[in-house]
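So that the names make sense, note that chain A is the first sequence line, chain B the second, and so on, each numbered from 1.
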Amino acid sequence: MALQMKRSWNELASDDEADDPSDEQETEDWSASSAVVLSPPSSKDTSQPYYGASSKCVPQAHSNQNEHKRTIVHVDLDCFYAQVEMIRNPELRTKPLGIQQKNIVVTCNYVAREYGVTKLMYIKDAKEKCPNLVLVSGEDLTHYREYSQRVSDLLQSEFSTLVEKLGFDENFVDVSSLVEDRLKAYQGKPKMEVKGHIFGSENEGSSSQCSCGCHQRLAVGSQIAGEMRERLKEVIGLTGCAGIAWNKLLAKLVGERHKPNDQTTLFPGREQQLMIGLEKARRIPGIGHSMNKKLSTLGITTVLELQKASSAELEAVFGSQITAMMKNSSFGIDKSPVNKTGPPQVLKAC
DNA sequence: AGACTATATG
DNA sequence: CATATAG
Ligand SMILES: Nc1ccn([C@H]2C[C@H](O)[C@@H](COP(=O)(O)OP(=O)(O)OP(=O)(O)O)O2)c(=O)n1
Ligand SMILES: [Mn+2]
Ligand SMILES: [Mn+2]
């Protein structure tokens, strides 16, 4: 049970194998492996990648036609707890700030990060890195919960009813219908300007010329993401990052590429570069400590190895559904819908 | 070294 | 309920 959670702490104590999925560094060793591009699994499987865990979705026929049909924005707020405390006390903005729970800095602002303070760091280590670190208790979650709800509510009321929360500081928003509306309205505009960064644009290679109109849709999606971030800042006072892509998996992964307070759009043809650039399969959302360990047993540690792995061998360990999920995810395929987040579940009571 | 918090699944 | 994943 708590086995899984323990992992993070063990990582901190560094008595566990290095299994950290956390992002931060930008590995970009695409050229090395670009010679071989593996084919993704056939798309008639019904299993859903990780983010589809909650969907009781039924198999859909076809897919190449609809592969890039949706426009999904993923929003992740910057150093969330720290930002909330800086709103509550603006004097903290210019100081290195850590949010303390028991003996750990659960997160810290970007001033503190310049000193080498990281998320989930022991107080002792953080004070070593930054003796002037200001600590604020983050044991009372009510303010964070409240700001979290305001963020989801704003996105839901101004952009799309299809909003799914992930933790306190992330939301997936399916803006496909808003995008369609805007494309109809702007009818003949020859060029759609992309807001923010474009993943992989400084490299060689192509964002494939897909004829389905996805390029225009994603460009509009990037503009909408810019508006979301603008509204979150002016209405609530929070900054954050956005990723724009045609599914949840890729939107989440691409948004991390430029932090903080920025946004990145992925265009079709670049998803292999994004996925393989993760290097470690552990960094694929949905592959946690347990699955990673089992994968290691099979000699699989990288995304590329997972792509190449024999499905039969994987199925012997994970079963066919999980195997299909992992394989799809490794290729950046994720058909899971954005599920509206309902009222919080109340479990454990009585 | 968080009696973290939340959700999904079998 | 236990397990897994996530923030
Ligand atoms: N194991 C964890 C992970 C996260 N959090 C809390 C503290 C964070 O403020 C918030 C959001 O998590 P993120 O991973 O998005 O981290 P931040 O938003 O703090 O930083 P970043 O700017 O890197 O997104 O959730 C936590 O309490 N325990
Ligand atoms: Mn987050
Ligand atoms: Mn965040």
Specify the separation, in whole Å, of atom [atom1] of [X] and atom [atom2] of [N].
X	N	atom1	atom2	answer
R145(A)	dG7(C)	CZ	C1'	13 Å
F168(A)	dT5(B)	CZ	C1'	5 Å
M291(A)	dA8(B)	CE	P	16 Å
Q321(A)	dG10(B)	CD	C1'	12 Å
L166(A)	dA8(B)	CG	P	11 Å
I322(A)	dA8(B)	CD1	C1'	11 Å
E170(A)	dT7(B)	CD	C1'	14 Å
D78(A)	dG7(C)	CG	P	15 Å

Measure up the H215(A) and F267(A) rings against each other and bin them: parallel (under 30°), tilted (30 to 60°), perpendicular (over 60°). parallel

Give the intermediate values and the outcome of side chain to side chain donor-acceptor pair (under 3.5 Å) for residues E305(A) and T301(A). CA-CA 7 Å; E305(A) 286 164 351; T301(A) 54; 3.2 Å; yes

S290(A), nearest nucleotide to its side chain (from dT5(C), dT7(B), dG7(C)): dT5(C)

N103(A), nearest nucleotide to its side chain (from dT5(B), dA1(B), dG7(C)): dA1(B)

Using a heavy-atom cut-off of 4.0 Å across all strands, would you classify I123(A) as base, sugar-phosphate, or nothing? nothing

Can you spot which of L266(A), N66(A), T71(A), D334(A) makes a side chain to side chain contact (heavy atoms under 4.5 Å, CB included) with W246(A)? L266(A)

Whether the T265(A) and R270(A) side chains hold a donor-acceptor pair (N or O, under 3.5 Å, no angle test) is what I'd like checked. no

dA1(B) pyrimidine/purine six-ring stacking with Y122(A), under 5.5 Å and 30°: yes

Any side-chain N or O of K252(A) under 4.0 Å from OP1/OP2 of dG7(C)? yes

